[in-house]
Amino acid sequence: MMDPTLAEMGNHLSDAMKILESGKLASLILFPFSIFFSDSGQDVVSILQLVQNLMHGDDDKQGQRMQYVAEQGHMALLGHSLAAYISVLERERLRKLTTRILSDTTLWLCRLFRYENGSAYYHEDDCEGLVKVCRLVINTHYEDYATEGFTMLSSKHPVIYQSAACRPGLGQHLCSQLGLPLSCLCIVPCNTMFGSLHQMDVALLDKLIRDDRESGKVPLLLIANAGTPGAGHTDKLSRLKELCVQYNMWLHVEGVNLATLALGQVSSAVTAATKCDSMTLTPGPWLGLPAVPAVTLYRHEDPALSLAAGLTSSQPVEKLRALPLWLSLQYLGHDGIVQRIKHHVAQLLKQKVKLKKYTNKSYI
């Protein structure tokens with residue numbers, strides 16, 4: 001039976017959100033911009049009114065309201081409040097509960113997106129998972145990195161490869177977070193003679209890797225696209241995976257086309273992403289859910305290195321990041337998830353058609 005305190009908490013949060021959305025609270029004068037608080041305290045309605053005033057300000061007078069949050073959105077938001085409540089439980093009970101939430105969510109996502117035997121890292125920033133994956137790969141290639149630090153990298157320069165069609169600033173952000181010079185980043189041009197203008201040039205990548213190896217550098221990781229920003233193209237992932245195996249490199253894939261892995265029919269080009277070493281999913285936009293984390297799925301056999309890279313944590317509270325998704329996935333169910341992804345993909349296709357007409361270019 002559900003803890004009545006949890007049930008009441010869920011009801012209170014849902015009611016509060018609906019009140020804030022509707023803007024139907026009484027127009028009270030509560031010194032919304034005062035730095036002082038009441039000596040005797042205030043009731044819940046008064047505090048919500050204060051929050052509403054701070055949220056809307058002068059815009060509220062013009063009929064502006066906060067964005068409507070559907071029922072499944074309330075479930076995701078509830079997860080954040082429940083996480084705060086659960087975090088104060090007795091330690092052993094907290095450990096069991098968070099372990100269950102994390103394992104359930106990871107299993108569901110791996111099955112939904114066809115990523116067998118995967119682990120998951122939940123993060124707020126879309127790039128954070130890739131940063132942690134890079135740390136994992138560095139620790140894997142440089143055995144003494146944990147104790148010697150950057151001195152291990154200076155003798156054998158690591159190289160991270162990314163497509164020229166990747167998100168702007170992604171590689172620079174990685175180098176900044178990892179403390180690497182920009183010389184460790186190699187931008188691989190897209191095809192200019194044959195094939196798509198938005199797919200990575202595999203032959204040129206092969207040459208770049210061979211040249212780096214001959215000069216004593218360490219090819220570390222390749223970032224590929226399953227849905228380039230704007231154009232929506234998928235790189236030749238099968239061929240890229242072969243190159244990564246050949247040169248002992250890590251293959252990471254990101255992009256909106258990964259959402260289609262949850263559908264019944266998936267193109268072979270996107271299905272190849274399931275063989276990569278890691279992929280970053282953004283279920284929030286795909287499912288229309290606010291405030292849910294991004295997820296990086298990955299495969300690695302050494303839990304100690306995953307822990308050192310920050311992909312796993314021994315702190316139970318860290319595992320509660322998965323709670324909003326745990327609640328939302330159960331609320332939507334498999335059919336609801338598939339329908340929402342279909343709707344999202346359809347909207348993206350409409351945008352691509354409009355872009356194609358505007359630029360008068362082929363995206364085949």
Side-chain angles (χ1 to χ4, degrees), residues 110 113-121 123 126-146 150 152-153 156-167 170-180 183-188 200 202 204-206 208-213 216-226 234-255 258 270-281 294-312:
C110 286
F113 296 99
R114 311 182 186 206
Y115 198 80
E116 296 180 2
N117 302 317
S119 300
Y121 173 66
H123 46 99
D126 289 355
C127 298
E128 188 181 347
L130 180 53
V131 171
K132 297 294 175 66
V133 161
C134 287
R135 288 203 176 103
L136 172 64
V137 180
I138 289 174
N139 277 283
T140 302
H141 279 264
Y142 298 87
E143 293 183 0
D144 296 326
Y145 179 75
F150 189 76
M152 293 297 302
L153 309 181
K156 291 186 176 181
H157 218 50
V159 185
I160 298 172
Y161 303 85
Q162 72 162 71
S163 166
C166 280
R167 288 182 284 164
L170 177 61
Q172 291 84 345
H173 177 75
L174 284 178
C175 289
S176 172
Q177 294 297 307
L178 296 168
L180 298 175
S183 56
C184 290
L185 178 65
C186 179
I187 306 295
V188 184
M200 196 184 304
V202 180
L204 179 56
L205 172 64
D206 190 6
L208 290 170
I209 295 173
R210 283 188 280 107
D211 290 346
D212 286 336
R213 285 166 59 92
K217 296 180 180 179
V218 179
L220 205 65
L221 178 142
L222 170 64
I223 307 168
N225 289 304
T234 297
D235 287 320
K236 299 172 183 176
L237 300 179
S238 294
R239 180 68 184 113
L240 293 178
K241 178 60 180 175
E242 292 173 0
L243 275 183
C244 287
V245 171
Q246 178 182 345
Y247 295 114
N248 191 28
M249 292 171 55
W250 185 282
L251 176 60
H252 179 84
V253 180
E254 62 173 40
L258 293 175
V270 178
T271 302
T274 62
K275 304 301 180 184
C276 66
D277 298 294
S278 60
M279 63 167 69
T280 293
L281 312 174
V295 186
T296 293
L297 301 179
Y298 66 97
R299 298 188 186 98
H300 198 268
E301 297 179 354
D302 191 336
L305 289 181
S306 297
L307 181 63
L311 286 165
T312 58

Problem set entry | side-chain contact (heavy atoms from CB on, under 4.5 Å) between Val131 and His123, worked out | CA-CA 11 Å; Val131 171; His123 46 99; over 6 Å; no

Problem set entry | Interatomic spacing from CG in Leu220 to NE2 in His157 - rounded to 0.5 Å | 11.5 Å

Exercise. Taking the side chain as C-beta and beyond, is there a heavy-atom pair between Leu180 and Ile160 under 4.5 Å?
Worked result: yes

Problem set entry | Ser176 side-chain N/O to Gln172 backbone N/O, donor-acceptor pair under 3.5 Å | no

For this session: Determine the minimum heavy-atom distance between Ala120 and Val295, stating which atoms define it.
Result: CB-CG1, 3.9 Å

For this session: Indicate the atoms forming the closest heavy-atom contact of Tyr298 with Leu311, along with that distance.
Result: OH-CB, 3.6 Å

Exercise. Take atom CD in Gln246; do more than 12 heavy atoms of anything else shown fall under 6.0 Å from it?
Worked result: yes

For this session: Can you measure from CD (Gln162) to CD (Glu254) and round to the nearest 0.5 angstrom?
Result: 9.0 Å

Exercise. Nearest heavy-atom pair of Phe113 and Leu258: which atoms, and what distance?
Worked result: CD2-O, 3.6 Å

Exercise. Does the side chain of Ser119 pick up a donor-acceptor pair with the side chain of His300 at under 3.5 Å?
Worked result: no

Problem set entry | Inter-residue atom distance Trp250.CH2 - Asp277.CG, 0.5 Å rounding | 5.0 Å

Seminar exercise, completed: Correct closest heavy-atom pair for Cys166 and Leu170 would be CB-CD2, 4.4 Å

For this session: Evaluate the criterion side-chain contact (heavy atoms from CB on, under 4.5 Å) for residue pair Leu153 and Ile138; output intermediate values, then yes/no.
Result: CA-CA 9 Å; Leu153 309 181; Ile138 289 174; 4.1 Å; yes

For this session: Taking all heavy atoms of His252 and all of Ser278, pick out the closest pair and write down the distance.
Result: ND1-OG, 2.7 Å

Problem set entry | Cys110 and Leu297, any side-chain heavy atoms less than 4.5 Å apart | yes

For this session: Evaluate the criterion side-chain contact (heavy atoms from CB on, under 4.5 Å) for residue pair His141 and Asn248; output intermediate values, then yes/no.
Result: CA-CA 9 Å; His141 279 264; Asn248 191 28; 3.7 Å; yes

Problem set entry | Side-chain (Asp235) to main-chain (Met200) donor-acceptor, under 3.5 angstrom | yes

Exercise. Is there a side-chain contact between Leu208 and Val159 (heavy atoms, below 4.5 Å)?
Worked result: no

Problem set entry | Pairwise side-chain contact, Leu222 with Ile209, heavy-atom cut-off 4.5 Å (strictly under) | no

For this session: Quick one: do Cys127 and Leu174 satisfy side-chain contact (heavy atoms from CB on, under 4.5 Å)? Show the steps, please.
Result: CA-CA 8 Å; Cys127 298; Leu174 284 178; 5.8 Å; no

Seminar exercise, completed: Between Cys276 and Arg299, the two heavy atoms sitting closest are O-NH1, 3.0 Å

Exercise. Can you find a pair of side-chain heavy atoms, one from Tyr142 and one from Val218, that are under 4.5 Å apart?
Worked result: yes

For this session: Measure the spacing between NZ of Lys236 and CG of Asn225 and express it to the nearest 0.5 Å.
Result: 14.0 Å

Seminar exercise, completed: Output for pair (Arg239 CZ, Cys244 SG), nearest 0.5 Å, gives 10.5 Å

Problem set entry | Rounded distance [0.5 Å steps], CD1 in Ile223 versus CZ in Arg167 | 9.0 Å

